[in-house]
A.B. asks: 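First the structure, which I've put down as structure tokens, then a few questions once you've had a look.
This chain uses plain numbering: 1 for the first residue, then up along the sequence.
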Amino acid sequence: MKTQFVAIRDEATWLEKRGGYVTSTESASLFGLQMPSLPTAYELWHIKRGLIDRVTEVNSRMIWGRRLEASIAAGIAEDNQLKLMPMRSFAFDDEDKIGSSFDNIIEHPERGHGLLEIKTVSYKDYKEKFVEDSETGFIEAPAYYEVQVQHELEVADKYNFALLAVFIMDTREVALLYRDRDRDFGAAIRKKVKEFWASTQPPPPDLQKDADLLARMHRANSKDKSYDATRDDMFELSAMSYIQESEKEKAAKAAKDVAKSRMILAMTDHNTAWCNSARVSNKATFRVTPTKEKNNA
């Protein structure tokens, strides 16, 4: 294992460089834990081999998260007596084709030097995806973040801890999650990456998450021929299921529209409302949010 570092000077060069490696945001998919809006293992296999183009969804939270990241890092360092050392670089191991981007290194007064990984999340996502232990104060991050941090520590190799700093945009609060390097976990990630590159066949697709990708790939490769599926029981059952679920979807949409209209009429000139099961808002857009009691039911 020999890690090399190269400075990230522009986004285009960075995107081209990382294309030849499994990175820290991608390796979770090899465990079936891909991050939101990132490829499944099946899609990633095709992307890394140049068989399909990568499509990345970018939303306003992601854009503002990137813009604010430097300020958030500086504030975290100032508030917690940490020395901040920005390090925009890409680390990679050509032998195993594993890599990771780094933005900041910190110096902790007791732990020494480590990695700083910043995540910006909404209050809703934080409450739904992070688990706080009220007795010990330990905060468990979503599994894909835990994999990402250990991947980064494995690639960097010379740091024994990372600080996963979670900035909650709605409340401007910060949760600090210190993670020690787990060498066994890192070895498991490296093993998965090596198997990924060595595989001559893609992993099985996720029949739900890869549905649109499978349809696109099929359209690109299919011929003007018709498949006689009259003796294919699985095909028949799937066709029936698709039709039935489509009808349910239409019925659900109609029922939602009726419920929406009834609530709006009841609200008269009020733009928000509440009841035992939900909070309703019709300001910028119509939104119904289940109450905490309903979520825990």
Side-chain angles (χ1 to χ4, degrees), residues 1-6 8 14-52 54 56 87 89-103 105 111-119 129-131 138-164 177-210 213-214:
M1 179 180 71
K2 184 179 180 181
T3 301
Q4 303 177 62
F5 290 81
V6 61
I8 300 174
W14 169 63
L15 290 173
E16 181 181 358
K17 183 66 178 175
R18 73 196 297 270
Y21 305 86
V22 173
T23 66
S24 60
T25 55
E26 296 168 338
S27 63
S29 69
L30 305 185
F31 295 86
L33 302 167
Q34 82 274 8
M35 295 186 183
S37 302
L38 288 179
T40 63
Y42 179 81
E43 184 176 3
L44 187 67
W45 190 93
H46 288 83
I47 290 171
K48 293 297 184 181
R49 286 157 177 79
L51 300 175
I52 60 173
R54 179 169 191 158
T56 303
M87 186 184 77
S89 63
F90 183 77
F92 57 96
D93 176 354
D94 274 331
E95 183 177 345
D96 293 338
K97 292 295 182 183
I98 186 172
S100 182
S101 301
F102 300 102
D103 293 322
I105 304 299
R111 293 173 176 263
H113 291 86
L115 305 177
L116 173 62
E117 177 65 40
I118 296 174
K119 299 296 179 187
K129 298 177 181 179
F130 291 77
V131 180
F138 181 82
I139 302 173
E140 181 181 348
Y144 44 79
Y145 285 158
E146 300 286 1
V147 174
Q148 179 184 0
V149 167
Q150 293 300 328
H151 181 119
E152 292 177 355
L153 288 167
E154 175 67 18
V155 175
D157 192 38
K158 57 185 177 181
Y159 303 108
N160 290 319
F161 82 95
L163 171 57
L164 177 60
L177 286 64
Y178 282 94
R179 294 293 184 264
D180 292 325
R181 181 179 181 182
D182 185 329
R183 293 182 180 273
D184 291 337
F185 194 176
I189 293 171
R190 188 175 289 272
K191 182 174 182 289
K192 280 282 189 182
V193 172
K194 292 172 72 172
E195 291 172 350
F196 170 84
W197 287 115
S199 61
T200 57
Q201 296 294 324
D206 184 308
L207 297 183
Q208 178 187 354
K209 296 175 182 176
D210 288 317
L213 172 64
L214 288 169

A.B. asks: To the nearest 0.5 Å, what is the distance between OG on Ser199 and NZ on Lys194?
C.D. replies: 14.0 Å
A.B. asks: Go through it in stages, so that I can follow the logic: the residues are Thr3 and Asp157, the test is side chain to side chain donor-acceptor pair (under 3.5 Å), and I'd like the CA-CA distance, side-chain angles, deciding distance and then a yes or no.
C.D. replies: CA-CA 8 Å; Thr3 301; Asp157 192 38; 5.4 Å; no
A.B. asks: Once side-chain hydrogen bond (donor to acceptor under 3.5 Å, both in side chains) is applied, do any residues pair with Thr23, and if so which ones, sequence neighbours excluded?
C.D. replies: Arg18, Thr25, Glu26
A.B. asks: Asp206: which residues meet the salt bridge (charged side-chain N to carboxylate O under 4.0 Å, His left out) condition with it, sequence neighbours left out?
C.D. replies: none
A.B. asks: About how many Å separate CG of Leu30 and CG of Leu44, when rounded to the nearest 0.5 Å?
C.D. replies: 6.5 Å
A.B. asks: Nearest 0.5 angstrom please: Tyr144 OH to Lys129 NZ, how far?
C.D. replies: 4.0 Å
A.B. asks: Would you call the rings of Phe31 and Phe185 parallel, tilted or perpendicular if under 30° counts as parallel and over 60° as perpendicular?
C.D. replies: perpendicular
A.B. asks: Is the closest side-chain heavy-atom distance between Leu177 and Val149 below 4.5 Å?
C.D. replies: no
A.B. asks: Judged by atom type as modelled, is there a donor-acceptor pair below 3.5 Å linking the side chain of Gln150 to the main-chain atoms of Asp182?
C.D. replies: yes
A.B. asks: Restricting to side-chain hydrogen bond (donor to acceptor under 3.5 Å, both in side chains), what partner residues turn up for Glu146, sequence neighbours left out?
C.D. replies: Arg179
A.B. asks: Just jot down the side-chain hydrogen bond (donor to acceptor under 3.5 Å, both in side chains) partners of Ser100, sequence neighbours excluded, or say none.
C.D. replies: Ser24
A.B. asks: How long is the gap from CD on Glu140 to CZ on Phe130, to the nearest 0.5 Å?
C.D. replies: 10.5 Å
A.B. asks: Give the C-alpha distance, both sets of side-chain angles, the deciding distance and a yes or no for side chain to side chain donor-acceptor pair (under 3.5 Å) between Glu152 and Gln148.
C.D. replies: CA-CA 6 Å; Glu152 292 177 355; Gln148 179 184 0; 3.3 Å; yes
A.B. asks: Output the distance between atom CG (Leu153) and atom CZ (Arg183), rounded to the nearest 0.5 Å.
C.D. replies: 9.5 Å
A.B. asks: Quick one: closest heavy-atom pair of Phe102 and Ala91, and the distance?
C.D. replies: CE1-CB, 3.3 Å
A.B. asks: Measure across Ser101 and Phe90 and return the closest heavy-atom pair with its distance rounded to 0.1 Å.
C.D. replies: OG-CD1, 3.5 Å
A.B. asks: Tell me whether Lys48 contacts the main-chain N or O of Tyr21 through its side chain, where contact means a donor paired with an acceptor under 3.5 Å.
C.D. replies: yes
A.B. asks: Got a second to check how far Leu115's CG is from His113's NE2, nearest 0.5 Å?
C.D. replies: 11.5 Å
A.B. asks: Would you call Ser27 and Phe196 a side-chain contact if the rule is heavy atoms closer than 4.5 Å?
C.D. replies: no
A.B. asks: Is it the case that Lys17 places NZ or CZ above or below the six-membered ring of Phe92, under 6.0 angstrom from the centre and within 45 degrees of the axis?
C.D. replies: yes
A.B. asks: The criterion is salt bridge (charged side-chain N to carboxylate O under 4.0 Å, His left out); which residues satisfy it with Arg111, sequence neighbours excluded?
C.D. replies: Asp180
A.B. asks: Heavy atoms, side chains only, cut-off 4.5 Å: are Trp45 and Leu51 in contact?
C.D. replies: yes
A.B. asks: For Glu195, what residues pass the side-chain hydrogen bond (donor to acceptor under 3.5 Å, both in side chains) criterion, not counting sequence neighbours?
C.D. replies: Lys191
A.B. asks: So, do Lys209 and Ser29 sit near enough that their side-chain heavy atoms are less than 4.5 Å apart?
C.D. replies: no
A.B. asks: Establish, for the pair Lys158 and Phe5, whether the NZ or CZ atom is under 6.0 angstrom from the six-membered ring centre and no further than 45 degrees off its axis.
C.D. replies: yes
